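All remarks here apply to the structure that follows.
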Amino acid sequence: MTVADQLGALLGPGRVHADAAERRAHARDCWPRLALAERCGVPSPEPDVVVRPTSTAEVSAVLRWASANGVPVTPYGAGSGVVGGAVAVRGGVLLDLSGLAGLVSLDDVSGVAAFRAGTLGADVEAAVNARGWTVGHFPSSIMCSTVGGWVAARGAGQLSTRYGKAEDLVVALEAVLPSGEVWRTLPAPRTAAGPDLWRLLAGAEGTLGVVTEVTFRLSPLPETRVFGGWLFTSLGEGLDALRTVMRTGARPAVLRLYDELDTTLVLGREGGALLVTVCEGDPRVVAAETAVVAAACARAVDLGPEPGEHWWAHRYDVSFTLPRVLSGELLGQNGVADTIEVAALWSLLPGVYDAMKAAMAAFASVVFAHVSHCYPEGASIYWSFATDAASPAEALERYDAVWSAAMDACRAAGGTIGHHHGVGQARAPWLAAELGAGYGVLRAVKAALDPAGICNPGKLGL
């Protein structure tokens, strides 16, 4: 019997798909390198079969069977990842979790809600908004990313400075281990009952098991929202303002500082570094936060609410543009563009910025960045780059050179190589060096939980 036949007998009709169209449709995520490689005649690896479970029990059955038979299993949410984390590099089973979707429960007294892992972000917000709540997780991919993917990659939404990253929002989760055993954690505000073992799955990208349900912390829908825009003479002056705001204990929803080139692209005029701010929530808290922001930005030119309002209205545009970039429609078959997000302490951030910009500019025609996702101790730098080449092969070579230069420069300057897109295949060559002795711990955990090595092989360098 084929893999499809065996799984079909195990799960019943309608769950297993081995036709060419399904396999091809799940051959890649949104990692630009895969699209570039295909232009060079290198097809993305396809799974042998696509399985679409509709229950945790079915996920358990698949993993139990796969472990017993040594068949790789690659979890797949909505395919919006940008680092190659959802690609079936060893073939086998592509576990499409889109059938595992929907609201499980909502506790209005405690302010928590549980969703199945394949639920799209927009559906999450619609469900809790109807009851007066928000999860507060708004990645630009909210229309095409899932809650399981958010946790697996330790994603960050655009309002993370206020609400936190995906792992900060988790109150409890359910997952299936490679053995097929179902693991449910106890929902509690905090616990000292041993280490937070569930955090092994946050950022593991499906290499240690498959997340099937997530319980999120909720926040009341904001009663008011105040937008702002400020123009600083330099990026360094803007960084000082961000650090000042975060030190006060204020948590604006958005503190988004553009470097000089990004500011020119946004405002259409040269000079300065633009800061976009959004404060939202209880009116009394918002009034205090806007006062804190204004004081920290006293040296900047107050541009009023329009820059913030404009950013808010267009904050998801990039995700709708990405398919045109990947197809070559927007930049041509020899063009390449991507983003790279890193993070560093405030004291190291200027050096990381300078080092990465110089390193990337050696291979890319255009390099610019904004600083967002702020913390009391530091922030994330979100880079964008683009370049053209004489051929797809040269474009792929330049793409790899930009990434390699960026990662090496970031590490040398003291930054972390990733903030919220995950590791996948793109960052895998640098992960062991970043984790140090911790990489041995990761490998030991992998060997203990997944001795057959079936869970998302080829990711995290495993």
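Computation of the quantities below employed the complete heavy-atom set of this structure, encompassing side-chain atoms and omitting hydrogens, waters and symmetry-equivalent molecules. No experiment lies behind these values; they were computed from the predicted model shown. Residues: numbered from 1 along the sequence shown.
A donor-acceptor contact closer than 3.5 angstrom is absent between the side chains of Ser60 and Glu181. Checking Ser372 against Arg256 by side-chain atom types alone, no donor-acceptor pair falls below 3.5 Å. Between the side chains of Ser80 and Ser145, no donor-acceptor pair is found at a separation under 3.5 Å. There is no side-chain donor-acceptor pair under 3.5 Å between Gln158 and Ser140.
Considering only heavy atoms from C-beta on, Leu95 stays 4.5 Å or farther from Thr74 through its side chain. Side-chain contact check for Val182 versus Glu174: some heavy-atom pair is nearer than 4.5 Å. Contact check for Leu255 versus Thr277: side-chain heavy atoms found under the 4.5 Å cut-off. Contact of the Val342 side chain with the Met407 side chain is registered, since non-hydrogen atoms from C-beta on lie closer than 4.5 Å. Counting heavy atoms from C-beta on, the side chains of Phe138 and Glu125 come closer than 4.5 Å. With a 4.5 Å cut-off on side-chain heavy atoms, Phe363 and Asp400 do not count as touching. Proximity of Trp150 to Pro139: side-chain heavy atoms (C-beta onward) are separated by under 4.5 Å at one or more points. Counting heavy atoms from C-beta on, the side chains of Val170 and Val214 come closer than 4.5 Å.
With salt bridges taken as basic N to acidic carboxylate O contacts below 4.0 Å, one links Arg28 and Glu38. Glu167 and Arg199 are not joined by a salt bridge, as no carboxylate oxygen comes within less than 4.0 angstrom of a charged side-chain nitrogen. Using a 4.0 Å cut-off between charged nitrogen and carboxylate oxygen, Asp48 and Arg23 do not count as a salt-bridge pair. Using a 4.0 Å cut-off between charged side-chain N and carboxylate O, Glu280 and Arg251 make no salt bridge.
In this structure, Trp311 has its ring center no closer than 6.0 Å to that of Tyr258.
Judged by distance alone, with hydrogens and angles left aside, the side-chain atoms of Asp96 form a donor-acceptor pair with the main-chain N or O of Ser98 at under 3.5 Å. Distance alone, capped at 3.5 Å, places no donor-acceptor pair between the Asn334 side chain and the Ala395 backbone. Distance alone, capped at 3.5 Å, is enough to place a donor-acceptor pair between the Thr119 side chain and the Gly102 backbone. Asp123 contributes no side-chain N or O that, together with a main-chain N or O of Ala127, makes up a donor-acceptor pair within less than 3.5 Å. Without hydrogens or angle criteria, Ser327 side chain to Arg324 main chain gives a donor-acceptor distance under 3.5 Å. Checking side-chain atoms of Asp168 against main-chain N and O of Lys165 turns up a donor-acceptor pair under 3.5 Å. In this structure a side-chain-to-backbone donor-acceptor pair under 3.5 Å is missing from Lys459 to Gln425.
Looking at residues two or more places apart in sequence or on another chain, you find a ring-ring contact (aromatic ring centres under 6.0 Å, His included) between Tyr382 and His370, His420, His421. Checked against side-chain contact (heavy atoms from CB on, under 4.5 Å), Ala172 has the following partners two or more places apart in sequence or in another chain: Thr185, Pro187, Thr215.
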Item to check | Working for side-chain contact (heavy atoms from CB on, under 4.5 Å), residues Val147 and Arg116 | outcome: CA-CA 8 Å; Val147 300; Arg116 298 206 292 173; over 6 Å; no
Next on the checklist: Under the criterion side-chain contact (heavy atoms from CB on, under 4.5 Å), I'd like the reasoning laid out for Val59 against Leu97: C-alpha separation, chi angles, the key distance, then a yes or no.
Outcome noted: CA-CA 9 Å; Val59 174; Leu97 298 169; 4.3 Å; yes
Item to check | Arg52 and Glu58: CA distance, side-chain angles, deciding distance, salt bridge (Lys or Arg N to Asp or Glu O under 4.0 Å) verdict | outcome: CA-CA 9 Å; Arg52 191 169 291 115; Glu58 290 181 351; over 6 Å; no
Item to check | Worked check of side-chain hydrogen bond (donor to acceptor under 3.5 Å, both in side chains) between Asp259 and Tyr353 | outcome: CA-CA 10 Å; Asp259 71 2; Tyr353 174 86; 2.8 Å; yes
Checklist entry - For Leu7 and Val3, what are the C-alpha separation, side-chain angles and deciding distance, and is it a side-chain contact (heavy atoms from CB on, under 4.5 Å)? => result CA-CA 6 Å; Leu7 287 169; Val3 168; 3.8 Å; yes
Next on the checklist: With side-chain contact (heavy atoms from CB on, under 4.5 Å) as the criterion, how do Leu186 and Thr191 come out once you've worked through the C-alpha distance, each side chain's angles and the decisive distance to 0.1 Å?
Outcome noted: CA-CA 9 Å; Leu186 179 72; Thr191 178; over 6 Å; no
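For the pair Arg33 and Tyr399, the NZ or CZ position fails the cation-pi test of under 6.0 Å to the six-membered ring centre and within 45 degrees of the ring normal. Note that Arg427 lies outside the cation-pi zone of Trp430, set by a 6.0 Å cut-off to the ring centre and a 45° limit from the axis.
To the nearest 0.5 Å, atoms CG (Leu274) and CD (Glu260) are separated by 11.0 Å. In this structure, OG in Ser384 is found 6.5 Å from CG in Asp262, a value given to the nearest 0.5 Å. Put simply, CZ on Arg39 and CG on Leu36 are 5.0 Å apart, with the number rounded to the nearest 0.5 Å.
Applying the ring-ring contact (aromatic ring centres under 6.0 Å, His included) rule to pairs touching residues 47-95 yields His26-Tyr76, sequence neighbours excluded.
With Pro178 as the partner, the side chain to side chain contact (heavy atoms under 4.5 Å, CB included) test is satisfied by one option alone out of Leu63, Leu208, Asp450: Asp450. Of the residues listed (Trp403, Trp31, Trp383), the one engaging Asp338 in a side chain to side chain donor-acceptor pair (under 3.5 Å) is Trp403, and it is the only one.
For CD of Glu397, the number of neighbouring non-hydrogen atoms (other residues, nucleotides, ligands) closer than 6.0 Å is 12 at most. Within a 6.0 Å sphere centred on CZ of Arg443, other residues, nucleotides and ligands contribute 12 heavy atoms or fewer. For CD of Glu377, the number of neighbouring non-hydrogen atoms (other residues, nucleotides, ligands) closer than 6.0 Å is greater than 12.
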